[in-house]
Amino acid sequence: MSDFASFKKSSKNASQTLASQLEKIAKGGGENSYKDDRFWQPEVDKTGNGYAVIRFLPAPPNEDLPWVRVFSHGFQAKGGWYIENCPTTIGQKCPVCEGNNELWNSGDDADKDIARQRKRKLSYISNILVVEDPTNPSNNGKIFLYRYGKKIFDKINDKMNPQYKDEDPVNPFDFWQGANFKIKIRNVDGYRNYDKSEFSASSPLLEGKDKELEAVWRKEYALQEFVKTDQFKPYSELKTKFQSVINGTSSTKAEDMELSEDEEPTQKSFTPKFPSADAKSPGRQVKAASDDSGDDDALDYFKRLADES
């Protein structure tokens, strides 16, 4: 829908719809890329700690969900690195997943270890408004895309579907009844850990003023472009690449990769090749009602490994 009044009216039912989608998900439900300045990631200090406050935004105009999820593969074999979007994201077959099934069904523990290393990684993409970015204050008040992993998504799910009777469900994506998200990053065994991240109390964004909120809503980025078919290479091309990587007949260099970092060792993911951004500057500026002045990382897990090899 593109009418803000209708959007505001429908937001009352959005929590139930999103909760249903979360339940479905809970039940089972690369190369030559470039840095996409539409994306924001929190930065950490020399000790690996970081802090920021963001607000997850509702679904952009003409879209139904405030997130998309993308599966990817990133692993190293004899022929270098295999860094690709996984076609299972859009319901198509994937040569790596097929190979993993064969390895897993062999019953050999060594084969299972290889399958684990090559398994698909899950990430989510949402629109956010940066409330507080201590490292880069110029990001404050701007709209970005944010790529995050299962741990943060689970916190969203827990907020919408609380386990205890004394907790009221909150839709973090709602303009009026949502909540800010405090990102707290720690360095645990060399990896970013987001366990201490948490939502603040429910509060309206930008004092709940419709004019300012509509401006935010209309500046959100489309999400469905990240799950279009042109974001996934044909099966035949992926199979050729997969075979060359595992057989040692190709080589993917570290400088050819632009990757992003997730929060746990088994969830490392990369930034795939995205459509070009039409914005001239990073983020989309939003002027708050009370402000007349109008906010996966540089080195990721895979690239570090590739640089070391």
Side-chain angles (χ1 to χ4, degrees), residues 14-29 38-42 50-60 63-74 85-86 88-90 119-131 143-164 167 169-174 177-186 188 191-200 202 220-227 231 259-272 296-297 300-301:
S15 294
Q16 183 176 356
T17 301
L18 294 182
S20 176
Q21 291 293 325
L22 286 166
E23 184 177 2
K24 290 180 181 179
I25 293 174
K27 289 182 178 179
R38 294 176 296 174
F39 279 80
W40 173 89
Q41 283 290 335
Y51 176 83
V53 182
I54 64 172
R55 181 72 171 234
F56 287 102
L57 300 178
E63 295 190 17
D64 297 325
L65 292 175
W67 69 75
V68 291
R69 60 176 186 162
V70 179
F71 290 105
S72 61
H73 293 282
N85 277 345
C86 178
T88 60
T89 301
I90 55 175
K119 73 177 184 178
R120 63 183 190 175
K121 283 77 176 176
L122 173 62
S123 61
Y124 298 85
I125 301 173
S126 292
N127 280 282
I128 63 164
L129 186 140
V130 175
V131 177
I143 296 170
F144 289 92
L145 291 167
Y146 179 47
R147 176 182 293 273
Y148 53 100
K150 184 177 183 299
K151 281 192 175 181
I152 290 180
F153 192 80
D154 285 345
K155 290 182 179 292
I156 293 172
N157 189 13
D158 291 342
K159 195 67 175 176
M160 298 188 69
N161 299 286
Q163 300 180 13
Y164 303 101
E167 297 178 356
V170 173
N171 174 9
F173 299 95
D174 188 79
Q177 302 297 325
N180 291 345
F181 186 62
K182 294 183 286 186
I183 298 176
K184 300 178 180 180
I185 305 171
R186 297 179 298 149
V188 179
Y191 298 96
R192 288 192 176 191
N193 182 283
Y194 291 73
D195 287 347
K196 291 189 176 296
S197 300
E198 60 184 348
F199 284 98
S200 303
S202 178
E220 289 186 39
Y221 298 101
L223 298 174
Q224 288 301 310
E225 66 180 78
F226 298 107
V227 290
Q231 296 296 295
L259 307 171
S260 64
E261 186 166 347
D262 205 344
E263 58 265 38
E264 50 188 341
T266 58
Q267 288 287 327
K268 297 300 173 184
S269 62
F270 68 99
T271 301
D296 299 316
D297 306 298
D300 89 327
Y301 176 71

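Under the 30°/60° scheme for interplanar angles, the aromatic rings of Y124 and F153 are found to lie parallel.
The two residues S126 and P66 have their closest heavy-atom pair at OG-O, 2.9 Å. The two residues V53 and N180 come nearest to each other via the heavy atoms CG1-CB, 3.8 Å. Minimum heavy-atom separation, Q177 to V170: O-CG1, 3.4 Å. In this structure, P60 and A222 approach most closely via the heavy-atom pair CG-CA, 4.4 Å. Closest heavy-atom contact between K151 and N193: NZ-ND2, 3.6 Å. Shown here for V68 and V227, the closest heavy-atom pair between the two residues is CB-CG1, 4.2 Å.
Taking D154 as the reference, K150 meet the salt bridge (charged side-chain N to carboxylate O under 4.0 Å, His left out) condition, with sequence neighbours excluded.
Surrounding CG of D64 are at most 12 heavy atoms belonging to other residues, nucleotides or ligands under 6.0 Å away.
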**Prompt:** Is there a side chain to side chain contact (heavy atoms under 4.5 Å, CB included) between F144 and I54 once you walk through the steps?
**Reply:** CA-CA 10 Å; F144 289 92; I54 64 172; over 6 Å; no
**Request:** Take E198 and K184, measure what salt bridge (charged side-chain N to carboxylate O under 4.0 Å, His left out) needs, and give me the verdict at the end.
**Result:** CA-CA 8 Å; E198 60 184 348; K184 300 178 180 180; 2.9 Å; yes
**Item:** Y194 and I185: CA distance, side-chain angles, deciding distance, side chain to side chain contact (heavy atoms under 4.5 Å, CB included) verdict
**Value:** CA-CA 5 Å; Y194 291 73; I185 305 171; 3.8 Å; yes
**Message:** side chain to side chain contact (heavy atoms under 4.5 Å, CB included), that's the test. Do W67 and I156 meet it? Break it down for me.
**Reply:** CA-CA 11 Å; W67 69 75; I156 293 172; 5.5 Å; no
**Request:** Walk me through it: do Q231 and I90 pass the test side chain to side chain contact (heavy atoms under 4.5 Å, CB included)?
**Result:** CA-CA 10 Å; Q231 296 296 295; I90 55 175; over 6 Å; no
**Prompt:** F56 and Y148: ring pair (Phe, Tyr, Trp, His ring centres under 6.0 Å), yes or no, with the steps?
**Reply:** CA-CA 12 Å; F56 287 102; Y148 53 100; 5.4 Å; yes
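Side-chain contact between F173 and N127: absent, with no pair of heavy atoms (C-beta onward) separated by less than 4.5 Å. Side chains of F181 and K155 form a contact here, defined as non-hydrogen atoms less than 4.5 Å apart. Residues F199 and P172 meet the side-chain proximity criterion, which asks for heavy atoms closer than 4.5 Å. The shortest distance between side-chain heavy atoms of D158 and E167 does not fall below 4.5 Å. The closest side-chain heavy-atom distance from F39 to I125 is below 4.5 Å.
Proximity of a side-chain donor or acceptor of E63 to a complementary backbone N or O of L223 within less than 3.5 Å is detected. A distance-only check finds a donor-acceptor pair linking the side chain of R55 to the backbone of D174 [under 3.5 Å]. Side-chain N or O atoms of T89 include none that pairs as donor or acceptor with a backbone N or O of V70 at under 3.5 Å. With hydrogens and angles disregarded, a donor-acceptor distance shorter than 3.5 Å links the side chain of K121 to the backbone of K119.
Taking OH of Y221 as the start and CD1 of I128 as the end, the distance is 10.5 Å to the nearest 0.5 Å. Taken from OG in S123 to CD1 in I152, the straight-line distance is 11.5 Å, to the nearest 0.5 Å. Atom-to-atom distance recorded for N157:CG and Q163:CD is 9.0 Å, nearest 0.5 angstrom.
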